[in-house]
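Report on one structure; see the data block that follows.
Everything numeric in this text was worked out from a predicted model, so none of it was measured. Lettering follows sequence order; numbering is per chain, from 1.
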Amino acid sequence: MASIIRVDQIAACEGQEVTVQGWVYNRTDKGKLVFLLVRDGSGFVQCVAFKGDLDAALFDRLVRLPQESSVIVTGPVRADKRAPGVPGGYEIGVKQIEIVQEAADDYPMALKEHGVDFALDHRHLWIRMPSQWAILRIRSTVIAAIREWFDTHGFINMDTPILTPAACEGTTTLFETPYFDEGLAYLAQSGQLYNEADIMAFGKVYCFGPTFRAEKSKTRRHLTEFWMVEPEIAFCDLDQLMEIEEQFVTHIVKRVLRERLPELKSLGRDITRLEKIEPPFPRISYDDAAKILQEAYDATDDPEKKELLKFEWGMDFGAPHETELTSRFDKPLLVYGYPTAVKAFYMEPWPGRPEVCKSVDLLAPEGYGEIIGGSERMSSHDLLLQRLHEHQLPEEAFKWYLDLRKYGSVPHSGFGMGVERTVAWLCGIEHIREAIAYPRTIKRVYP
RNA sequence: UCCUCGAUAGCUCAAUUCGGCAGAGCGGGCGGCUGUUAACCGCUAGGUUCCAGGUUCGAGUCCUGGUCGAGGAGCCA
């Protein structure tokens, strides 16, 4: 009796007779030979059936077996350089094959290029294709690495609520839902404010879950539902926060390189770009970033580029600005000290410069832009109250938040990292909708 | 909300600057081949050219209005 194996273990099974359970990804028939590329979730392996080895009727069924038919294949594993697959280089000679189900012959995802809309309409099938399969396996490792780093650095995982009473940051649009007799509840856009309460109980915490933004953003960097990890640390200032960010991001990159190299390569990712990610990351102030952008503006003669790079102190960076800044470095770039006016109400002012706050964004290389936004939080009760008023936020709703500054307030900091943007950067893909299994965008809630 | 671009076979796309017979590849069906790499070769079926008007002898192509989509701005991770 051959033992059932997973394709990712196939190298260890050379010479043995094994059984693989999976789906026919591709079929090539060549007279008396049929090549079945079978995927089993862990990899792709070529299975070779020879007419002389099998019952004539069965061989005849294999010749016309539709793509995605489910099969159980048994036979010896041979090393063969010609064999395609992931990991590849090994094939199974078919001695026995059970056709669990012969798929319908109208499988929509033919092995070819597909348009975005069609592919997304068939996302439930698209994830079977090697590129999407690789991306989602990398995503899983990114998530594991995130949890691993926090769990081994003294952080407590705190799940913050998804149904919330009001805007956490008061600015962006929220999804709303009726909530019994309490009026409206809103889907969370951040767990940060709760985390600020949590650290006063646990010191270091992180929350990790889905986040919802009802903004009508239509770009390759936006989803309406995305996953965000948000650590928060008591007794931590902006400098310490930046150190944590670079250690944390480096850990994720290293683990993905260690465990998902075949997937990265199958995506055509330039691995050398990721191998350069090591602390320390370059750090520049917003003031210096503004100067760099001014120089870049002056240096170009291209009117189109000039228009894109147009910038003056006080503005937030747009995508072209982020690309210009990060193009000067091999590593993620930390930009700190943004104007208070473009950031959230809760950020600690820069000492002696109230127009600037102790915020930091981490911009990924290669034009991927902001993947982390963080700051040192305001610790003064009275200043926070003043800010709430300035932003016209209802004091009553933030009473509990103000309490945190009454009973043992300490300097503290935290950040939020977008999982899909991080995955998109690591995978080198164009659009973050491929970095989540079932993307939600302004125009899509199906499937 | 604004700007730009797009919609032709199940899918990806062609269809002469400047209107003149609706095409190919993939996928499907039938046949061939013992080493294919999205195999290849032969045959075959497959169309409300997004919708509604208009101009014209004639519209996939030009005009008007609409629908749907894309990615950029704003906002953000």
| said: Less than 6.0 angstrom from the centroid, inside 45 degrees of the normal: does A:K306 satisfy that with respect to the ring of A:Y297? | reply: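 Because its charged atom sits under 6.0 Å from the ring centre and within 45° of the axis, A:K306 does stack over A:Y297.
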| said: Suppose you measure atom C1' in B:A52 against the same atom in B:A15; what distance do you get, rounded to whole Å? | reply: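 Straight-line distance between the two C1' atoms is 25 Å.
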| Looking only at atom C1', what distance separates B:A59 and B:C75, rounded to whole Å? | 43 Å
| field | Secondary-structure stems for RNA chain B, with pairs counted as Watson-Crick or G-U when both distances are under 3.5 Å and runs at least 3 long | value | B:1-7 with B:67-73, B:10-13 with B:23-26, B:28-32 with B:40-44, B:50-54 with B:62-66
| If you look at every strand shown and take non-hydrogen atoms under 4.0 Å, does A:P320 touch a base, only sugar-phosphate, or nothing? | sugar-phosphate
| task | Pick base, sugar-phosphate or nothing for A:R433, based on heavy-atom distances below 4.0 Å to the nucleic acid. | result | sugar-phosphate
| query | Is there a donor and acceptor pair closer than 3.5 Å between the side chain of A:H222 and the base of B:C76? | reply | yes
Non-neighbouring partners of [X] that pass side chain to side chain contact (heavy atoms under 4.5 Å, CB included), sequence neighbours left out:
{"X": "A:H153", "value": "A:W149, A:F155"}
{"X": "A:L257", "value": "A:V253, A:L261, A:L264, A:I271, A:L274, A:E275"}
{"X": "A:D159", "value": "A:N157"}
{"X": "A:E322", "value": "A:F317, A:L363, A:E370"}

| Within residues 279-286 of chain A: residues closer than 4.0 Å to RNA chain B (heavy atoms) |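 Within this stretch, nothing sits under 4.0 Å of the strand.
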Give the table of side-chain donor-acceptor pairs shorter than 3.5 Å for residues 425-432 of chain A, with sequence neighbours excluded, one pair per line with atom names and distance.
residue	atom	partner	partner atom	Å
A:E430	OE1	A:R220	NH1	2.6
A:H431	ND1	A:R433	N	3.0
A:H431	NE2	A:R433	NH1	3.3

| remark: salt bridge (charged side-chain N to carboxylate O under 4.0 Å, His left out) filter on A:K216, not counting sequence neighbours, yields none
| task | List for me each residue that meets salt bridge (charged side-chain N to carboxylate O under 4.0 Å, His left out) alongside A:E14, sequence neighbours excluded, and say none if there are none. | result | none
Nucleotide N/O of nucleotides 1-4 of chain B paired with protein N/O under 3.5 Å:
residue	atom	partner	partner atom	Å
B:U1	O4	A:K216	O	3.3

| said: So if I define the base as every atom that isn't primed, P, OP1 or OP2, how would nucleotides 25-32 of chain B read as a B/S/- string at a heavy-atom cutoff under 4.0 Å? | reply: BBSSSSS-
| Contacts of A:K95 that satisfy side-chain hydrogen bond (donor to acceptor under 3.5 Å, both in side chains) - sequence neighbours left out | A:E17
